[in-house]
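Bear in mind the structure is a predicted one, so any value in this text is a computation, not a measurement. Just so you know, residue 1 is the first one in the sequence shown, and it goes up from there.
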Amino acid sequence: MEHQLQIYNTLTRRKEIFKPLNPGHVGMYVCGPTVYGDAHLGHARPAITFDLLFRYLKHLGYKVRYVRNITDVGHLEHDADEGEDKIAKKARLEQLEPMEVAQHYTNRFNAAMEKLGVLRPSIEPHATGHIIEQEQLVSQIMKNGFAYESNGSVYFDVEKYNRTHPYGILSGRNLEDVRDASRELDGVGEKKNQVDFALWKKAQPEHIMRWPSPWSEGFPGWHCECTAMGRKYLGEEFDIHGGGMDLVFPHHECEIAQAVAAQGKPMVKYWMHNNMITINGKKMGKSYNNFITLDQFFTGTHEKLEQAYTPMTIRFFILQAHYRSTVDFSNEALQASKKGLDRLMESLAALQRIEAAADGLTADYAAELERKCYEALDDDMNSPIAISHLFDACRTINQLSDRKQSITAEGLEALRRVFTTFVCDILGLQAEAQGNAEREAAFGAAVNLLLEVRSQAKAAKDWATSDKIRDELAALGFEVKDTKDGATWRLNK
Ligand code: ZN
């Protein structure tokens with residue numbers, strides 16, 4: 001099947017047909033977490049959005065090199081250039097080595113991502129492991145005349161850059177907008193202009209994360225790491241750079257300026273951004289102090305949660321919205337997602353039980369489902385539309401399961417393949433361990449019902465039915481013991 005994957009490029013503000021720079025290969029960089037606290041729902045969204053893209057590109061046959069960084073240095077409080085390093089602050093408060101803090105939250109982030117079914121990227125570079133590359137980037141920018149040293153720190157000369165290259169090309173801002181928005185106190189006395197941003201910061205005496213450099217003992221500016229590591233692992237030009245919409249300005253805008261200033265040409269062909277998760281209409285995030293961590297969702301331990309929500313429910317909740325729309329958190333929405341997910345999982349299980357007939361639905365049915373799902377995902381990864389087609393298929397699967405419709409062997413094989421491919425491989429949804437009490441209770445009730453039917457059969461001297469139930473249960477691993485008042489059972493598996 002001929003694919004024409006279209007993705008929305010934030011840079012050109014339109015959908016474009018995806019054409020990788022190197023046919024058959026895709027280089028993709030996504031901004032990862034800053035590891036100084038537990039991952040929350042806001043972190044799940046970019047992780048799942050770009051996991052869907054990663055899975056889909058691989059499904060389409062591309063060889064994908066997916067780089068997602070771990071930010072373990074350099075993000076300062078308040079804004080990009082000011083305040084205390086967030087990781088260092090946590091380390092100071094908890095009397096830990098900063099790398100202990102970073103490792104602890106990296107481990108917790110990865111564990112949460114695994115539960116969400118997010119595939120590990122090809123490379124997960126740490127900012128602290130790439131200080132030399134960041135210093136090389138800063139040197140290159142200085143050599144080309146777009147940065148200056150001041151009091152041991154190095155700043156990017158935005159005014160000068162803007163004379164020959166449009167600064168604000170990604171966010172659609174002009175220099176005046178940026179000037180108006182910048183805070184008066186940032187880097188006061190050091191910067192030529194308020195709009196300039198730090199490439200290297202001289203460390204204050206109390207700052208514990210610090211490295212030697214030609215300019216001072218200090219640490220790289222916020223935006224350097226992604227440019228430096230993107231170039232190192234994906235080359236001077238690569239296909240996709242992604243992240244949350246909140247990173248468009250200043251982070252990604254500054255990345256573009258850094259790359260152009262260093263190498264004379266842009267680094268990224270397609271910029272992709274997922275929208276935010278909101279809670280009562282406000283962005284959910286650490287800086288807003290209104291976030292719910294993923295572990296709190298999984299355990300139901302947050303005052304705003306009416307119950308626990310499984311990782312797959314969270315994943316499905318995020319996939320049910322197009323990645324460029326906002327998603328508003330509510331218990332009702334999550335409960336609806338749980339129902340939807342259950343429908344898909346029940347159909348997945350039912351497909352294995354359905355038996356083929358001599359006539360009925362042919363492979364054309366699955367081919368049409370496949371075509372529609374591809375069409376949705378090729379249209380800028382429209383996962384909600386793809387899911388609606390899969391829900392239509394659930395209705396058909398129910399009818400097949402209830403024997404209100406029949407399907408040929410060829411048709412069944414094709415439907416199993418297409419449904420599983422989209423639900424499990426591409427959307428990344430999996431049946432979860434059914435350890436919860438409700439499921440266990442339903443399971444037990446069903447076995448008890450069978451044993452009741454068996455005792456009725458025995459009472460009616462219908463030995464064939466009674467033996468059949470006993471033998472088949474035994475074959476499934478059930479040990480049934482007859483007692484005076486009926487029968488007891490246990491599962492020996
Ligand atoms: Zn980044």
Side-chain angles (χ1 to χ4, degrees), residues 1-12 15-33 45-70 109-110 113-114 116-127 129-130 133 225-243 252 255-256 259 263 265-274 315 319 323 370-371 373-383 386 417-418 420-430:
M1 175 174 173
E2 199 49 35
H3 279 275
Q4 215 170 50
L5 172 60
Q6 295 205 52
I7 54 178
Y8 182 87
N9 190 346
T10 312
L11 191 63
T12 56
K15 283 185 205 169
E16 290 177 27
I17 293 166
F18 178 67
K19 282 204 193 89
L21 293 157
N22 179 10
H25 295 254
V26 179
M28 170 167 138
Y29 188 100
V30 173
C31 293
R45 194 155 195 209
I48 290 170
T49 297
F50 293 100
D51 184 58
L52 172 64
L53 181 61
F54 184 36
R55 285 168 179 270
Y56 193 50
L57 289 168
K58 288 203 295 183
H59 173 79
L60 296 180
Y62 291 108
K63 194 163 165 32
V64 187
R65 187 182 299 161
Y66 174 18
V67 180
R68 188 184 62 206
N69 65 304
I70 297 283
F109 176 79
N110 285 332
M113 292 305 118
E114 196 167 312
L116 289 170
V118 171
L119 300 177
R120 291 292 283 261
S122 325
I123 306 176
E124 293 173 283
H126 289 238
H130 298 78
E133 287 82 354
E225 66 183 88
C226 294
T227 308
M229 295 189 290
R231 286 205 307 175
K232 181 179 172 87
Y233 295 113
L234 299 170
E236 286 197 346
E237 285 181 273
F238 60 86
D239 301 296
I240 298 170
H241 192 318
H252 291 161
E255 272 197 53
I256 291 176
Q263 63 189 33
K265 61 181 180 194
M267 185 171 72
V268 177
K269 190 170 178 191
Y270 304 97
W271 284 93
M272 294 179 73
H273 295 95
N274 63 275
R315 184 178 178 100
L319 291 173
Y323 76 93
E370 185 177 42
R371 188 193 64 74
C373 289
Y374 277 138
E375 189 180 69
L377 293 176
D378 284 342
D379 182 16
D380 192 30
M381 290 208 296
N382 202 325
S383 53
R417 179 183 58 78
V418 170
T420 311
T421 298
F422 280 95
V423 172
C424 303
D425 301 346
I426 297 174
L427 295 177
L429 300 166
Q430 300 289 346

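Once rounded to the nearest 0.5 Å, the distance linking CZ of Arg45 with CG of Leu319 reads 9.5 Å. Atom NE2 of His273 is separated from atom CG of Leu11 by 9.5 Å, given to the nearest 0.5 angstrom. Ile48 contributes atom CD1, which lies 4.5 Å from atom CG of Leu116 (distance to the nearest 0.5 angstrom). Here the CD atom belonging to Glu255 is positioned 8.5 Å from the CD atom belonging to Glu225, to the nearest 0.5 angstrom. The line from CZ of Phe18 to NZ of Lys269 is 7.5 Å long, rounded to the nearest 0.5 Å.
His130 and Tyr233 have perpendicular rings, their planes meeting at more than 60° on a 0 to 90° scale where under 30° would count as parallel. Ring pair Tyr374/His3 is perpendicular by interplanar angle, where above 60° counts as perpendicular and below 30° as parallel. Between Tyr29 and His241, the ring planes lie tilted relative to each other; the angle falls in the 30° to 60° range.
Residues Leu427 and Ser383 share a closest heavy-atom pair of CD2-CB, 4.4 Å. Of all the heavy atoms in Glu237 and Pro266, the pair that sits closest is CG-O, 3.6 Å. In plain terms, the two heavy atoms of Glu16 and Tyr270 that are nearest each other are OE1-CE2, 3.4 Å. Closest heavy-atom contact between Trp271 and His252: CZ3-CG, 3.2 Å. Of all heavy-atom pairs spanning Cys31 and Cys226, the tightest one is SG-SG, 3.7 Å. For Arg55 against Gly117, the heavy-atom pair with the smallest separation is NH2-O, 2.7 Å.
The shortest distance between side-chain heavy atoms of Asp425 and Lys58 does not fall below 4.5 Å. With a 4.5 Å cut-off on side-chain heavy atoms, Asn110 and Arg120 count as touching. Looking only at side-chain heavy atoms (C-beta outward), Ser122 and Val67 stay at 4.5 Å or farther from each other. By the 4.5 Å heavy-atom criterion applied to side chains, Val30 and Leu53 are not counted as neighbours. The closest side-chain heavy-atom distance from Glu133 to Arg231 is not below 4.5 Å. Contact check for Arg68 versus Val118: side-chain heavy atoms found under the 4.5 Å cut-off. Within the 4.5 Å cutoff, side-chain heavy atoms of Pro33 are placed close to those of Ile70. Side-chain contact between Met28 and Met272: absent, with no pair of heavy atoms (C-beta onward) separated by less than 4.5 Å.
The pair Glu370-Arg417 counts as a salt bridge, with a side-chain nitrogen and a carboxylate oxygen less than 4.0 angstrom apart.
Of the listed residues (Ile17, Asp378, Asp380), just one forms a side chain to side chain contact (heavy atoms under 4.5 Å, CB included) with Leu5, and that residue is Asp378.
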> Leu234 and Met267: side-chain contact (heavy atoms from CB on, under 4.5 Å), yes or no, with the steps?
Replying inline: CA-CA 10 Å; Leu234 299 170; Met267 185 171 72; over 6 Å; no
>> Pair Leu52, Tyr323 - check side-chain contact (heavy atoms from CB on, under 4.5 Å), show working.
In response: CA-CA 10 Å; Leu52 172 64; Tyr323 76 93; over 6 Å; no
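Put simply, the side chain of Asn69 gets close to the backbone of Gly32: a donor and an acceptor are under 3.5 Å apart.
For the residue pair Asp51/Tyr66, the side-chain donor-acceptor check at 3.5 Å is not satisfied.
Around atom CD of Glu114, no more than 12 heavy atoms belonging to other residues, nucleotides or ligands sit under 6.0 Å away.
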